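Not measured: the values here are computed from a predicted model.
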Amino acid sequence: MLTRKQHELLMFIHERLKESGIPPSFDEMKEALDLASKSGIHRLITALEERGFIRRLPNRARALEVLRLPDSIAPGLNAARKFSPSVIQGGQGNLGRQIKPAALSRTPTPSNDDDVVSAVSIPVMGRIAAGVPIDAIQHQTHSITVPPDMIAGGEHYALEVKGDSMIEAGIFDGDTVIIRNANTASPGEIVVALVDDEEATLKRFRRKGASIALEAANPAYETRIFGPDRVKVQGKLVGLIRRY
């Protein structure tokens with residue numbers, strides 16, 4: 001999936017190429033997305049390139065090629081993909097519009113008894129930082145099966161953990177966390193939090209007056225405080241899978 005800023009930049013580049021055949025300059029992209037510096041554009045372009053949406057052409061200035069668009073924009077272009085990227089968005093008072101429901105659909109796997117569901121398949125939506133926030137959640141990479149009692153009620157997805165900031169909560173680098181899709185959380189719950197529509201992290205949710213605190217479970221990391229309009233809850237931790 002794409003963050004709101006990644007989606008906006010991709011569509012801006014696409015429209016400019018359609019209109020003139022020439023990609024926009026970094027200054028034009030910075031101004032269009034209302035960013036303070038071109039370093040943010042570099043980061044967004046790198047993220048789009050890593051996800052296979054654009055390609056930088058070598059030995060040519062301002063040379064960008066749009067390889068594909070999100071299925072929500074151009075479904076016919078990506079028909080071969082079972083799940084499409086989607087956009088994480090949200091406005092103040094609505095802590096994050098949900099990850100695309102189609103990507104969160106659950107597929108039961110029946111056991112030998114047709115009346116009993118022995119496992120449920122859910123998508124793994126990329127990696128999540130348990131440390132300093134990394135680039136936001138990616139599109140689906142593969143699926144895993146989990147016990148049905150782990151995901152009772154609601155839509156679910158999985159994320160691979162990168163980092164060690166939640167080790168005192170029993171969450172380690174390389175673990176797979178099971179997340180129930182949600183856009184609100186109670187203090188003390190471990191959540192997937194989207195910061196500034198660009199960076200996703202796994203932290204304990206707290207409130208500090210009118211602000212939101214994202215609290216690590218490792219004394220080596222400081223609690224980070226944000227204004228309420230900067231953090232959007234994207235889901236709550238309900239389970240964990242670890243391979244030894």
The test is side-chain hydrogen bond (donor to acceptor under 3.5 Å, both in side chains); show your working for Thr201 and Lys203 and say whether it passes.
CA-CA 6 Å; Thr201 188; Lys203 291 290 182 292; 2.9 Å; yes

Would you compute the distance between atom CE of Met29 and atom CD1 of Ile41 and round it to the nearest 0.5 angstrom?
6.0 Å

Salt-bridge test for Glu49 and Arg55: reply yes if a basic N is under 4.0 Å from a carboxylate O, no otherwise.
no

A side-chain contact here means heavy atoms from C-beta on lying under 4.5 Å apart; do Glu65 and Leu67 qualify?
yes

Drop me the distance from Ile122's CD1 to Met150's CE, to the nearest 0.5 angstrom.
8.5 Å

Would you compute the distance between atom CD1 of Ile128 and atom CD of Gln234 and round it to the nearest 0.5 angstrom?
9.0 Å

Going through the checks in order, is the side-chain contact (heavy atoms from CB on, under 4.5 Å) test met by Val195 and Leu214?
CA-CA 10 Å; Val195 179; Leu214 299 181; 3.9 Å; yes

Apply side-chain contact (heavy atoms from CB on, under 4.5 Å) to Leu48 and Val66, showing your working.
CA-CA 10 Å; Leu48 289 171; Val66 175; over 6 Å; no

Residues in side chain to side chain contact (heavy atoms under 4.5 Å, CB included) contact with Glu160, at least two apart in sequence or another chain
Val124, Arg127, His142, Thr176

Intermediate values then yes/no, side-chain contact (heavy atoms from CB on, under 4.5 Å), Arg207 and Ile212:
CA-CA 5 Å; Arg207 290 196 178 274; Ile212 291 174; 3.9 Å; yes

To the closest 0.5 Å, what do you measure between CG (Leu2) and CG (Leu69)?
10.0 Å

I'd like to know if Glu198 and Arg43 make a salt bridge, using a cut-off of under 4.0 Å between side-chain N and carboxylate O.
yes

Leu159 side chain near Leu202 side chain, heavy-atom distance below 4.5 Å
no

In terms of heavy-atom contacts, Leu64 and Leu17 come closest through O-CD1, 3.8 Å

Picking from Lys232, His7, Gln6, what satisfies side-chain hydrogen bond (donor to acceptor under 3.5 Å, both in side chains) with Asp197?
Lys232

To the nearest 0.5 Å, what is the distance between CZ on Phe53 and CG on Leu10?
6.5 Å

Over all atoms of both residues, closest heavy-atom pair of Val161 and Ala130
CG1-CB, 3.6 Å

Determine whether Leu44 and Leu35 make a side-chain contact, defined as any pair of heavy atoms from C-beta on separated by less than 4.5 Å.
yes

Side-chain heavy atoms of Ser121 within contact of Ile144, under 4.5 Å:
no

Distance-only check: which donor-acceptor pairs under 3.5 Å involve side-chain atoms of residues 167-174, not counting sequence neighbours?
from	atom 1	to	atom 2	distance (Å)
Asp173	OD1	Gly163	N	2.7

Who passes side chain to side chain contact (heavy atoms under 4.5 Å, CB included) against Glu31, sequence neighbours left out?
none

Could you list all the salt bridge (charged side-chain N to carboxylate O under 4.0 Å, His left out) pairs where at least one residue sits in residues 184-196, not counting sequence neighbours?
Glu189-Lys236, Asp196-Arg230

N/O donor-acceptor pair under 3.5 Å between Asn218 side chain and Asp164 backbone:
yes

Could you tell me which residues satisfy side chain to side chain contact (heavy atoms under 4.5 Å, CB included) with Asp27, sequence neighbours excluded, listed by chain and number?
Ser25, Lys30, Lys38

Are Phe205 and Val233 close enough that some pair of their side-chain heavy atoms sits under 4.5 Å apart?
yes

Ser211 versus Phe226: any side-chain heavy-atom pair under 4.5 Å?
no

Closest non-hydrogen contact found for Arg206 with Pro187 is NH1-C, 4.3 Å

In Å and rounded to the nearest 0.5 Å, what is the CE to CG distance from Met166 to Leu237?
8.0 Å

Please step through side-chain contact (heavy atoms from CB on, under 4.5 Å) for the pair Arg56 and Ile45, ending with a clear verdict.
CA-CA 9 Å; Arg56 281 183 272 205; Ile45 286 178; 3.8 Å; yes

What pairs with Thr223 under side chain to side chain contact (heavy atoms under 4.5 Å, CB included), at least two apart in sequence or on another chain?
Ala213, Glu215, Ile225

Is there a side-chain contact between Val146 and Ile241, using heavy atoms and a 4.5 Å cut-off?
yes

